[in-house]
Amino acid sequence: MSAGGAAVPPPPNPAVSFPAPRVTLPAGPDILRTYSGAFVCLEIVLGGLVWILVASSNVPLPLLQGWVMFVSVTAFFFSFLFLGLFLSGMVTQIDANWNFLDFAYHFVVFVFYFGAFLLEAAATSLHDLQCNTTMTVKPLLNDNQYNINVAATVFAFMTTACYGCSLCLALRRWRP
């Protein structure tokens, strides 16, 4: 009590005074009912297939396919983390502009995945390139590696398209 008899209110708790996170996507399992949630699930599945297919081809062109592996593995884990944050509801606890972070993430990954798709297509197109190894001339990619790389190229394109769709949806949420 002060001298005038009125109680002095305690100072505000700084943890309570933070602004609420800005997110327009639903948190929890409801994220899976949105187009954005469906695209993130497709990005994870298709990106995992790219990763598996490139790795199963024994990476015959490491200079080209190394970037494809890096992008597919990194995007797979970050998309999984992104979806996990929404499924767990952590986005409502972390003060951030999630609409912008969603847009920025999908923009960066779209650009990287487009480059990875082009490199995988270039690696696949080198199927008939003849290389001289220990006095025998043979194709750079055998038929099995070629078939696997064709599938990886198709799935890389599909994954890139999914990231592009997510990017468009994120842009609509960020800039209404």
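In this chain, residues are counted from 1 in sequence order.
Closest approach of Ile148 and Ser57 over heavy atoms only: CG2-CB, 3.7 Å. Residues Ser88 and Leu85 approach most closely at OG-O, 3.3 Å, considering heavy atoms. The minimum heavy-atom distance between Ala116 and Val68, with the atom names listed, is O-CG2, 3.3 Å. Heavy atoms only, all atoms of each residue included: Ala75 and Val109 are closest at CB-CG1, 3.8 Å. Minimum heavy-atom separation, Leu101 to Ala96: CD1-CB, 3.8 Å.
The hydrophobic cluster containing Ile52 does not contain Leu119, counting ILVMFWY residues as joined when their side-chain heavy atoms lie under 4.5 angstrom apart, directly or transitively. Placement of Leu63 and Met69 in two distinct hydrophobic clusters is found when ILVMFWY residues are connected by side-chain heavy-atom separations under 4.5 Å, directly or transitively.
Cluster partners of Leu118 are Phe114, Phe117, Phe157, counting Ile, Leu, Val, Met, Phe, Trp and Tyr whose side-chain heavy atoms approach within less than 4.5 Å, directly or via other members.
Annotation: the span from Ser36 atom OG to Asp102 atom CG amounts to 6.0 Å, rounded to 0.5 Å. Atoms CG and CG, on Asn147 and Leu53 in that order, are 11.0 Å from each other to the nearest 0.5 Å. In this structure, CG on Leu46 lies 5.0 Å from CE on Met158, to the nearest 0.5 angstrom. We find the CG-CZ distance between Leu167 and Arg172 to be 12.5 Å, quoted to the nearest 0.5 Å. Remark: Ile44 CD1 to Leu83 CG distance equals 5.0 Å, nearest 0.5 Å. Taking CZ of Arg33 as the start and CG of Leu25 as the end, the distance is 14.5 Å to the nearest 0.5 Å.
In this structure, Phe76 and Phe80 have parallel ring planes: the angle between them is below the 30° cut-off, well short of the 60° mark.
Counting only heavy atoms from C-beta outward, the side chains of Val54 and Glu120 approach each other to under 4.5 Å. You'll find the side chain of Thr160 reaches within 4.5 Å of the side chain of Phe110, heavy atoms only. With contacts defined as side-chain heavy-atom distances shorter than 4.5 Å, the pair Thr153/Val50 does not qualify. When side chains are defined from C-beta on, Leu32 does not count as touching Val40, because their heavy atoms never get closer than 4.5 Å.
Between Phe82 and His106, the gap from one ring centroid to the other is short of 6.0 Å. Less than 6.0 angstrom separates the ring centroid of Trp51 from the ring centroid of Phe77. A distance of 6.0 Å or more separates the ring centres of Tyr35 and Phe39.
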side-chain contact (heavy atoms from CB on, under 4.5 Å) evaluation trace for Thr34 with Leu169: CA-CA 10 Å; Thr34 65; Leu169 291 171; over 6 Å; no
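Although no hydrogens or angles enter the test, the distance criterion places no donor-acceptor pair under 3.5 Å between the side chain of Asp30 and the main chain of Pro26. Remark: the backbone N or O of Tyr163 is not paired with any side-chain donor or acceptor of Ser166 at under 3.5 angstrom. The closest donor-acceptor contact from the side chain of Tyr105 to the backbone of Ser79 lies under 3.5 Å. With Asn149 contributing its side chain and Ala123 its backbone, the two residues share no donor-acceptor pair below 3.5 Å.
For the residue pair Thr159/Glu43, the side-chain donor-acceptor check at 3.5 Å is not satisfied. No side-chain donor from either of Ser72 and Tyr113 sits under 3.5 Å from a side-chain acceptor of the other.
The number of heavy atoms from other shown groups lying within 6.0 Å of CZ (Phe103) is above 12.
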